[in-house]
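Working notes, beginning with the structure itself.
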Amino acid sequence: MPAITASFAVEYRFQVHFARDVFAPDHDLLAEILRPAGDQPARALVYVDESVVAARPDLPRCIHAWFGLHEPRGVRLAAAPETVPGGEAGKRDLGLVERVARRAAEVGLCRHGYVIIIGGGAVLDAVGLAASLIHRGLRQVRLPTTTLAQADAGLGVKNAVNACGQKNFLGTFTPPWAIINDARFLDHLDDRSWRDGISEAFKVAIIKDAGFLRELLAAAPLLAVRDAAAMGRLIERSAHLHLDHIAQGGDPFERGSSRPLDFGHWSAHRLEMLSHHRLRHGEAVAIGVALDLLYAAALGRIAQAEAEEVLAGLATCGFRLWDEVLDLRDAEGRRQVLAGLAQFREHLGGELTLAMPDGLGRRSDLTSFDEALFERCASALRRWAARRARPAPATSR
Ligand SMILES: NC(=O)c1ccc[n+]([C@@H]2O[C@H](COP(=O)([O-])OP(=O)(O)OC[C@H]3O[C@@H](n4cnc5c(N)ncnc54)[C@H](O)[C@@H]3O)[C@@H](O)[C@H]2O)c1
Ligand SMILES: [Zn+2]
């Protein structure tokens, strides 16, 4: 009997909106996004990152008031907004996923219901996973609240929690219903969190858009002093490039082994672990990007001067491009960060595929890695960072 072939394609479409203060009483963007189901109102559960609530204790009340005011437009809260743990604590296991599922069951949220998630990338990942599982997928509206989440982590089609000792081990590919990048949330970030998203913008510019990279280099002194307009442009451009990759790159659900958006990440993920998360993701990405830029220069893919100009741009934004964990070595004297290569290869399914710039703003993948060459690049980065840290000698008259 011949096999039966089933073949179909599903089209996804979602928008990233840029706004400020979406829960102000007269702001109606969210009311346009939440669609009533026939004559029934759009019912929503709302989850808010605890740090966002700490910075804006009145936010749950504002959300409540906003829904009350806009009820005539057919939107309704299914329950009071809930505060959830921020950062990796919330995606440590399935606890938060089960909590959201229980609440959805208690309030009888049907499959047309919405889950509105307000938080950093970690909260978006964990509550997003819950939303993707309940009734096999509720509509999720994300409001990323960190620069990194607005420029990168909150925009994609993935969600996950950590499990079985591995980061992002349990998750799904589920496109959101909509995303709102609300600039007001960024006002409350401390300097490190504010800076975090910048390295992801450099990452995507280096491999995809030389013009954007020029803009970032020119804007570095402004970004260093928290210029909100410069950050707004960075987020908008970075969001564009990330979404363009998902929509046009031909592999939105990452079935192949090429992961261009993970440029600089093979070492960054390892550095986060080696520092026991003292280094944040964005800080580790800045170092990972610096290492791979010097490696690409050593291979002749970009000029050494180009690599150093980008390193200087990252440093001007406030990133430290050397960290002591880079000096950790195993019993054979090999830098421990290199274990990140094996983990990356395993994650990709056995074959190493590293995105590398091939000329600034362009990329092609590498399938082999020269550890001796990397060793020279790591030493060069250490010297570069030491030179940069040294105050310029006083000029004598
Ligand atoms: N799904 C994806 O495609 C994807 C892509 C990249 C990264 N990620 C994930 O994103 C996470 C990192 O995201 P992140 O960089 O946004 O960090 P985060 O979510 O860990 O947040 C960092 C800290 O900032 C706090 N915070 C969030 N918003 C705030 C605000 N407006 N004011 C004050 N404090 C605030 C959080 O509570 C947390 O303590 C990681 O778990 C990573 O795995 C997911
Ligand atoms: Zn990243």
Side-chain angles (χ1 to χ4, degrees), residues 21 47-57 59 83-92 96 117-129 131-132 140 142-163 166-176 179 181-204 207 231 235 238-239 242-243 245-246 252-254 259-273 277 279-289 344 347 355:
D21 210 4
Y47 290 90
V48 194
D49 191 312
E50 64 187 357
S51 305
V52 176
V53 178
R56 283 179 65 183
L59 183 62
T83 305
V84 293
E88 291 300 304
K91 54 183 282 194
R92 189 169 31 206
L96 186 51
I117 320 169
I118 304 169
V123 165
L124 297 173
D125 266 2
V127 181
L129 175 59
S132 78
Q140 58 176 285
R142 301 188 198 141
L143 280 78
T145 57
T146 64
T147 55
L148 193 135
Q150 292 198 359
D152 176 343
L155 304 172
V157 293
K158 295 186 280 186
N159 53 61
V161 296
N162 308 331
Q166 297 189 42
K167 204 167 148 70
N168 299 330
F169 191 63
L170 287 179
T172 69
F173 286 96
T174 307
I179 296 163
N181 274 347
D182 183 336
R184 179 160 176 202
F185 290 116
L186 307 183
D187 296 349
H188 308 289
L189 294 171
D190 63 24
D191 288 347
R192 285 180 76 191
S193 309
W194 199 87
R195 191 184 301 126
D196 256 355
I198 298 174
S199 54
E200 297 281 11
F202 269 85
K203 167 207 76 180
V204 73
I207 52 169
M231 180 56 83
I235 287 173
S238 176
H242 279 90
L243 287 167
H245 176 76
I246 292 167
F253 292 172
E254 296 177 357
R259 298 277 298 268
L261 295 181
D262 277 351
F263 165 57
H265 279 55
W266 71 265
S267 57
H269 284 150
R270 191 75 199 129
L271 293 171
E272 281 178 80
M273 300 296 281
H277 294 282
L279 286 175
R280 291 162 179 242
H281 184 67
E283 294 168 342
V285 167
I287 296 173
V289 162
F344 208 67
H347 181 73

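In listed order, ligands and their atoms are each counted from 1. Nothing here was measured: the structure is a model prediction, and the numbers come from that model.
- Any N or O atom pair closer than 3.5 Å counts here, and Gly156 shares no such pair with ligand 1.
- Side chains of Glu200 and His242: no donor on one and acceptor on the other come within 3.5 Å.
- Here CG of Leu96 is found 8.0 Å from OH of Tyr47. Values are rounded to the nearest 0.5 Å.
- The nearest heavy-atom contact from the protein to atom 15 (O) of ligand 1 is Leu148 CD2, 3.4 Å.
- Distances from the Zn ion (ligand 2) to the N/O/S atoms of Glu200 are shortest for OE2.
- Scanning all protein heavy atoms for the shortest distance to atom 40 (C) of ligand 1 gives Glu88 OE2, 3.3 Å.
- An N or O contact shorter than 3.5 Å is missing between Val52 and ligand 1 by distance.
- Every atom of ligand 1 is numbered from 1 in the order shown, and the set under 4.0 Å from a heavy atom of Gly121 is 10 (O), 11 (C), 13 (O), 14 (P), 16 (O), 19 (O).
- Close approach of ligand 1 to Asp49 (heavy-atom distance below 4.0 Å) involves ligand atoms 27 (C), 36 (C), 37 (O).
- Of the polar atoms of Lys158, at least one N or O is found under 3.5 Å from an N or O of ligand 1, judged by distance alone.
- Checked by atom type, the side-chain pair Lys158/Asn168 shows no donor-acceptor distance below 3.5 Å.
- Using a 4.0 Å cut-off between heavy atoms, Glu50 makes no contact with ligand 1 at all.
- Looking at Glu272 and Arg280, no side-chain N of the basic residue comes within less than 4.0 Å of a carboxylate O on the acidic one, giving no salt bridge.
- Taking every heavy atom of Gly120 and a limit of under 4.0 angstrom, the matching atoms of ligand 1 come to 16 (O), 19 (O), 27 (C).
- For the pairing with Asn181, the side chain to side chain contact (heavy atoms under 4.5 Å, CB included) check across Thr145, Thr147, Ile235 returns one residue only, Ile235.
- The shortest N/O to N/O separation between Asp196 and ligand 1 does not fall below 3.5 Å.
- With a 6.0 Å radius and a threshold of 12 heavy atoms from other residues, nucleotides or ligands, Arg56 has its CZ atom above the threshold.
- For atom 23 (C) of ligand 1, the nearest protein heavy atom lies 4.0 Å away or farther.
- Atom 28 (N) of ligand 1 has as its closest protein heavy atom Thr145 OG1, 2.7 Å.
- Contact annotation for atom 9 (C) of ligand 1: protein present (non-hydrogen atoms, distance under 4.0 Å).
- No N or O atom of Gly86 sits closer than 3.5 Å to an N or O atom of ligand 1.
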Run the numbers on Lys203 and Asp152 for salt bridge (charged side-chain N to carboxylate O under 4.0 Å, His left out), then give the verdict.
-> CA-CA 10 Å; Lys203 167 207 76 180; Asp152 176 343; 3.1 Å; yes
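- For Phe169, the CZ atom is loosely surrounded, since the number of other residues' heavy atoms within 6.0 Å does not exceed 12.
- For atom 2 (C) of ligand 1, the nearest protein heavy atom (residue, atom name, distance) is Ala153 O, 3.5 Å.
- What sits closest to atom 16 (O) of ligand 1 on the protein, heavy atoms only, is Thr146 OG1, 2.6 Å.
- Among protein heavy atoms, atom 42 (C) of ligand 1 sits closest to Lys167 NZ, 3.8 Å.
- If you check the side chains of Asp196 and Thr146, you find no donor sitting under 3.5 Å from an acceptor.
- Distance check, rounded to the nearest 0.5 Å: CZ of Arg184 to CG of Leu186 gives 11.5 Å.
- Residue His265 holds its NE2 atom at 16.0 Å from CZ of Arg270, rounded to the nearest 0.5 Å.
- The CD1 atom of Ile246 sits 10.0 Å away from the CZ atom of Phe173 when rounded to the nearest 0.5 Å.
- Nearest protein neighbour of atom 1 (N) of ligand 1, counting heavy atoms only, is Asp125 OD1, 2.8 Å.
- For atom 34 (N) of ligand 1, the closest non-hydrogen atom of the protein is Ser51 CB, 3.4 Å.
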